[in-house]
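Letters A, B, ... mirror the listed sequences (proteins, then strands); counts begin at 1.
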2 protein chains.
Amino acid sequence: MRTVDPAKHAAKRRAIVDAAAGCFAEKGFERTTTADICRAAGISSGSLFHYFPSKRAVFTAIFTDDAVETAERLEAAAKAADPWAALLDVVAELAGQLAHPAVVRLVLEAAAQAARDDEFAELIHRNDSALRDGLAVLVERAEDAGLIDPGIAPRAAAGWVAGLLDAMISRASLDPGLDLAAEQAILRTILIRFLRPVSPPAGG
Amino acid sequence: MRTVDPAKHAAKRRAIVDAAAGCFAEKGFERTTTADICRAAGISSGSLFHYFPSKRAVFTAIFTDDAVETAERLEAAAKAADPWAALLDVVAELAGQLAHPAVVRLVLEAAAQAARDDEFAELIHRNDSALRDGLAVLVERAEDAGLIDPGIAPRAAAGWVAGLLDAMISRASLDPGLDLAAEQAILRTILIRFLRPVSPPAGG
DNA sequence: GTCTATATAGCGATAGAC
DNA sequence: GTCTATCGCTATATAGAC
């Protein structure tokens, strides 16, 4: 038995991060005050800085935590029997997260912050790179199975798949009344036409 | 002869906006101080607030000015003989602007600001809507000429063309060493495969 | 129209009791 | 570990001379 309970500490840390994520999504990093975070989390300033050394550390924690979840998703997809179906599934799942406006806003905020903070940019680039790597594995496996146009480089293709997800983020933020399901269908069409062989070897 | 020279006033205003755009691109809106803008423009605080009522007004001026230029581009494209070629040209021209890192950063900053400032969001949405309208006109004209898959709605297609440009912005910001020319070629491929008839009526 | 000087307010982070 | 109280600093915008 130890003086501190690591599980309790982690749970509280997580609660603070979740509360802060809502604030950052709503007002952005700079306009969110540490007082806002404290109010949202129901704690005092002293407590906040007991768990995190700075406001920025709270912000970055959101994205280190998220990276773990995405990595698990990609790992599971890599084991799937049908790599092409797994690719479409992963894309649909990631696109589905955009139904939450807070997620859209957080991604936009992260992109803006990464453009001017080198350390944070490294984190975001690592996350993006991990996503592209995971997607590239699926593209390669699908290509080996003859399900993808051989003229397309897996790595470049993976970059554009990630880019298409970013396109959806920008559409979702620019058009609040966007029909996400309809756009996901179009996204699927674009992926099929972009990646599949010009004369498919089989139906699908 | 008047007491104030409108041309001179406009020129100075423009000089301030240009200097400020550099600051905003580098540090973002909130972390750019009015003192930064004054230093970059070579003026004093008193002068800055003689030309603009607030820091935010300087920021928005960047995007109202840009809207005019884009509108002119689209107007010219609408008059072109070959609407399909004009569409590809406009996309290439807009994508080409991303060679300037400052442009990429400004767009990201604008997206983040629009997510939390309703008045600024209206401006950005108007600009985006004007872009989509201009692209939709080209898609429609190309469709009338049998150059585009009839199963694709022009308005939705235009949204995704704009989205693909946003995808390129995100790629450019996430990957500093990105080969822009190579990516533009892929973008072109995606557009052709996405929009053109499945069995083209002619070469091209 | 341009400047210098400054009012006013709010922020991130710390100190130290309990 | 959590709290209250507050320090030290920086920022936007204004006032008013020239």
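Atom pair A/Lys27:NZ and C/dG10:C1' shows a separation of 12 Å (rounding to whole Å applied). When the C1' atom of D/dT2 is taken as reference, atom OH of A/Tyr51 falls 9 Å away, rounded to whole Å. Nucleotide D/dT12 holds its C1' atom 18 Å from the NE2 atom of B/His50, rounded to whole Å. Across the protein-nucleic acid pair, B/Ile37 atom CD1 and D/dT12 atom P stand 8 Å apart, rounded to whole Å.
A/Thr60 places a side-chain N or O within 3.5 Å of a backbone atom of A/Ala57 that can act as its donor or acceptor partner.
Using a 4.0 Å cut-off between a side-chain N of Lys or Arg and a carboxylate O of Asp or Glu, A/Asp144 and A/Arg141 do not qualify as a salt bridge. A salt bridge links B/Arg193 with A/Asp149; the closest basic N to acidic carboxylate O contact falls under 4.0 Å.
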Can you check nucleotides 11-18 of chain C for protein contacts, nitrogen or oxygen pairs under 3.5 Å, and list what you find?
| from | atom 1 | to | atom 2 | distance (Å) |
| --- | --- | --- | --- | --- |
| C/dG12 | OP1 | A/Thr32 | O | 3.3 |
| C/dG12 | OP1 | A/Lys55 | NZ | 2.8 |
| C/dG12 | OP2 | A/Thr34 | N | 2.7 |
| C/dG12 | OP2 | A/Thr34 | OG1 | 3.0 |
| C/dA13 | OP2 | A/Lys55 | N | 3.0 |
| C/dT14 | O4 | A/Ser45 | OG | 3.3 |

Report all side-chain donor-acceptor pairs from residues 168-182 of chain B shorter than 3.5 Å, counting only partners two or more places apart or in another chain.
| from | atom 1 | to | atom 2 | distance (Å) |
| --- | --- | --- | --- | --- |
| B/Ser170 | OG | A/Asp166 | OD2 | 2.4 |
| B/Ser170 | OG | B/Ala167 | O | 3.2 |
| B/Arg171 | NE | A/Gly159 | O | 3.4 |
| B/Arg171 | NH2 | A/Asp128 | OD1 | 3.1 |
| B/Arg171 | NH2 | A/Asp166 | OD2 | 3.4 |
| B/Ser173 | OG | B/Ser170 | O | 3.1 |
| B/Asp175 | OD1 | B/Gly177 | N | 3.3 |
| B/Asp179 | OD1 | B/Ala181 | N | 3.2 |
| B/Asp179 | OD1 | B/Ala182 | N | 3.2 |

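Here B/Ser44 does not reach the OP1 or OP2 of C/dT4: none of its side-chain N or O atoms lies under 4.0 Å away.
Within the nucleic acid shown, B/Lys12 comes within 4.0 Å of sugar-phosphate atoms alone, with no base atom in reach, counting heavy atoms only. Residue A/Ile43 is classed as a sugar-phosphate contact, given heavy-atom separations below 4.0 Å to backbone atoms only.
Using the six-membered ring where Trp is involved, A/Phe63 and A/Phe120 have ring planes that are perpendicular, over 60° apart on the 30 and 60° scheme.
Residues that satisfy the side-chain contact (heavy atoms from CB on, under 4.5 Å) test with B/Lys55, not counting sequence neighbours, are B/Phe24, B/Phe29, B/Thr34, B/Ile37.
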